[in-house]
Amino acid sequence: MIKRLRGTYDVLPQDAIKWQYVEDVFSVILERYGYREIRTPVIEETSLFTRSIGETTDIVTKEMYTFLDQKGRSITLRPEGTASVVRAFLEGSISPDALTKLYYWGDMFRYDRPQKGRYREFCQVGVEAIGSAIPALDAEVISLAMCLLETLGLKDLKLNLNSVGCVDCRRVYYEKLKDYFNSSTVVTMGKLCPTCQKRLEKNPMRIFDCKEENCQRTIEKAPTIAESLCSNCTLAFENLKKYLSLLDIPFVLNTRLVRGLDYYTRTAFEITYEKMGSPQQNALAAGGRYDNLIQELGGPPTPAIGFAMGMERILLAMEIAKVNIPTGKKVEIYFVSLGEVAFQEAFKIIDRLRRKGFYVYATTSGRSLKSQLREADRLCVGYTLILGGDELSRRVVMLRDMENSTQREIPLKDLEDELAKL
RNA sequence: GUGAGCGUAGCUCAGCCCGGUUAGAGCACUUGGCUGUGGCCCAAGCGGUCGGGGGUUCAAAUCCCCUCGCUCACCCCA
């Protein structure tokens, strides 16, 4: 038997209800904050991702689904959403001067070893606010992210906040970090792990992500980015904090927070849910500013900020938090028919009822009354219609209320009117 | 890429350590008890290449080797 590919999953009907619920809640709120949906292709030219995410990042070096098409072009299944949205923004010439607020929703692909809360094909919903650098926008975007999760019923969310500065701050900071990690105080504490020695050359901030005990110890005393921020970045960060306070959104400053993508500048944030099983997979949403990306992709200098949330993790968090998913109540009917003649008549009636807007279940094979009622019971329908030879000859149908086990006859000609009253 | 755990009925698992009749249970499903009335109860039935291959043995779900798959964790990320 053919089985699903590793790291993929099927959303079965009982779970699809949960997905639909989140989709409904989210789309309303996103529109309320002024965002409009954008849909982009799942496949893109490979260079879009290598240029935006960064040549040396884990995503680009080992996690992308890349293949050559029939004409030998390098194609990649999107590993994240921002690059495609920016590409579409530039290609679609969306009003370049005004602030553009977009949201997207879709599957992303990363070739990773799957584990709890992490898949090779996974679903992200994200937003991008393009065209403004004012810190109030950062605060609004963060508020939106919090609002989305809180509206689902998730509590005790933790907002981790940092500023990773602009290119100027980072140049200064990288030098400081290199000096520190090469200094005698660090060397006496023991060597960095091999991965971190490479990181020291390419992107020293990434050392903060290391879980090696020895590296962790050296990190404690390392200089923070805050001390290296330029005056503009410092001011922007202070303003962001001020606006978050205005909105009563608590946050935790985390100077070690580094995002795994190269394009981030200034604001970086992550919303974690501590009750999540695995401590390393507890980020429900993450994002930040990317003020240089649009220019790097060939557009005009345009500041922007966005975030992405992982749907699988949100659903997982909802399970853990035991969130109640409201179910829309609708009148459902199971149509029981007995014998071939009655089945043919029922077959016509059922089709007519469905076209009129009723929710009607029915058996497809001639089974016993008992087994059909049992199925109706399993489906939890409120009512059952029973049509046998006796009813058919008298042009009536039995309407059974499954809740209190009462039933009455209804002339076939009045059926639709009677059902409408239920 | 690295490490650990697990693969037995549709599902959850027992049996394996200590090899030995036809490989079990619960749930689910079908039928009947109740000839045209669901849920509860009772009974019967259906359902298995014991993940796959090889080896040891008179004999393998059970012991050994290889392999595939899944899960969890590391790296990293949503």
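As a basis for the values below, the full set of heavy atoms in this structure was taken, side chains included, without hydrogen atoms, waters or symmetry mates. Residue numbers start from 1 in every chain, and the chains themselves are labelled A, B, ... in the order their sequence lines are given, proteins ahead of strands.
- To the nearest whole angstrom, the two P atoms, one in C74(B) and one in C13(B), are 23 Å apart.
- No salt bridge links R78(A) with E80(A); every basic N to acidic carboxylate O contact stays at or beyond 4.0 Å.
- Seen from the ring of F109(A), R120(A) does not count as a face-on cation partner, given the 6.0 Å and 45° thresholds.
- For the pair K241(A) and F237(A), the distance from NZ or CZ to the six-membered ring centre is under 6.0 Å and the angle to the ring normal is within 45 degrees.
- Rounded to whole angstrom, the span from the CD atom of E312(A) across to the P atom of C72(B) amounts to 13 Å.
- Taking atom C1' in both C64(B) and U57(B), the straight-line distance is 12 Å, to the nearest Å.
- More than 12 non-hydrogen atoms from other residues, nucleotides or ligands lie less than 6.0 angstrom from OH of Y9(A).
- The partner of G1(B) is C74(B), judged by Watson-Crick or G-U wobble contacts that both fall below 3.5 Å.
- Atom name P, nucleotides C63(B) and U2(B): the rounded distance is 27 Å, in whole Å.
- Separation of the C1' atoms belonging to C40(B) and U22(B) is 34 Å when rounded to the nearest angstrom.
- For K370(A), taking side-chain heavy atoms from C-beta onward, the closest of the listed nucleotides C34(B), C29(B), U37(B) is C34(B).
- Taking only side-chain nitrogens and oxygens, R6(A) comes nearer than 4.0 Å to OP1 or OP2 of C70(B).
- At a cut-off of 3.5 angstrom, counting only N and O atoms as typed in the model, there is no donor on one side facing an acceptor on the other between the side-chain of E403(A) and the base of G39(B).
- If you check every strand for non-hydrogen atoms under 4.0 Å, Q407(A) touches a base.
- Using a 4.0 Å heavy-atom criterion, one finds that I386(A) contacts the bases of the nucleic acid, with or without backbone contacts as well.
- Residue-level contact check: R4(A) touches the backbone only, with heavy atoms under 4.0 Å from sugar-phosphate atoms and none from bases.
- D377(A) places its CG atom 5 Å from the C1' atom of G39(B), with the value rounded to the nearest Å.
- The residue L261(A) sits close only to the backbone: its heavy atoms come under 4.0 Å of sugar-phosphate atoms, none of a base.
- Within 4.0 Å of R378(A), counting heavy atoms only, lie sugar-phosphate atoms of the nucleic acid but no base atom.
- A salt bridge between D390(A) and R394(A) is present, with a side-chain N of the basic residue lying under 4.0 Å from a carboxylate O of the acidic one.
- Among the protein residues, S371(A) comes within range of the sugar-phosphate backbone only, with heavy atoms under 4.0 Å from sugar or phosphate atoms but none that close to a base.
- Here the side chain of M398(A) is nearest to one of C34(B), U71(B), U37(B), namely U37(B).
- Rounding to whole angstrom units, NZ of residue K3(A) and P of C70(B) are separated by 7 Å.
- When the P atom is used for both G20(B) and A59(B), the distance is 15 Å, rounded to whole Å.
- Dense packing is recorded around CZ of F122(A), with more than 12 heavy atoms of other residues, nucleotides or ligands lying under 6.0 Å away.
- Of the two residues near RNA chain B, Y111(A) and L338(A), the one whose nearest nucleotide lies more 5' is Y111(A).
- OP1 or OP2 of U31(B) sits under 4.0 Å from a side-chain N or O of R374(A).
- Look at Q115(A) and you'll find a side-chain N or O under 4.0 angstrom from OP1 or OP2 of C74(B).
- Remark: side-chain polar atoms of D291(A) are not paired, donor with acceptor, to backbone N or O of T265(A) under 3.5 angstrom.
- With distances taken from any side-chain atom of R110(A) to the nucleotides U31(B), A78(B), U37(B), the minimum falls on A78(B).
- Here the separation of U62(B) from G15(B), taken at their C1' atoms, is 9 Å to the nearest Å.
- Taking the P atom of each, G52(B) and A9(B) are spaced 10 Å apart, rounded to whole Å.
- Nucleotides C16(B) and G24(B) place their P atoms 15 Å apart, quoted to the nearest Å.
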Short heteroatom pairs, N/O only, protein and nucleotides 2-9 of chain B, under 3.5 Å:
| unit_1 | atom_1 | unit_2 | atom_2 | d |
| --- | --- | --- | --- | --- |
| U2(B) | O4 | R113(A) | NH1 | 3.0 |
| U2(B) | O4 | R113(A) | NH2 | 3.3 |

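- If you check every strand for non-hydrogen atoms under 4.0 Å, D112(A) touches a base.
- A close approach under 4.0 Å does not occur between any side-chain nitrogen or oxygen of T384(A) and OP1 or OP2 of U37(B).
- K62(A) comes within contact range of at least one nucleobase, with a heavy-atom separation under 4.0 Å.
- Using a 4.0 Å cut-off between a side-chain N of Lys or Arg and a carboxylate O of Asp or Glu, R408(A) and E418(A) qualify as a salt bridge.
- At distances below 3.5 Å, not a single donor-acceptor pair connects side-chain atoms of E274(A) with backbone N or O atoms of K158(A).
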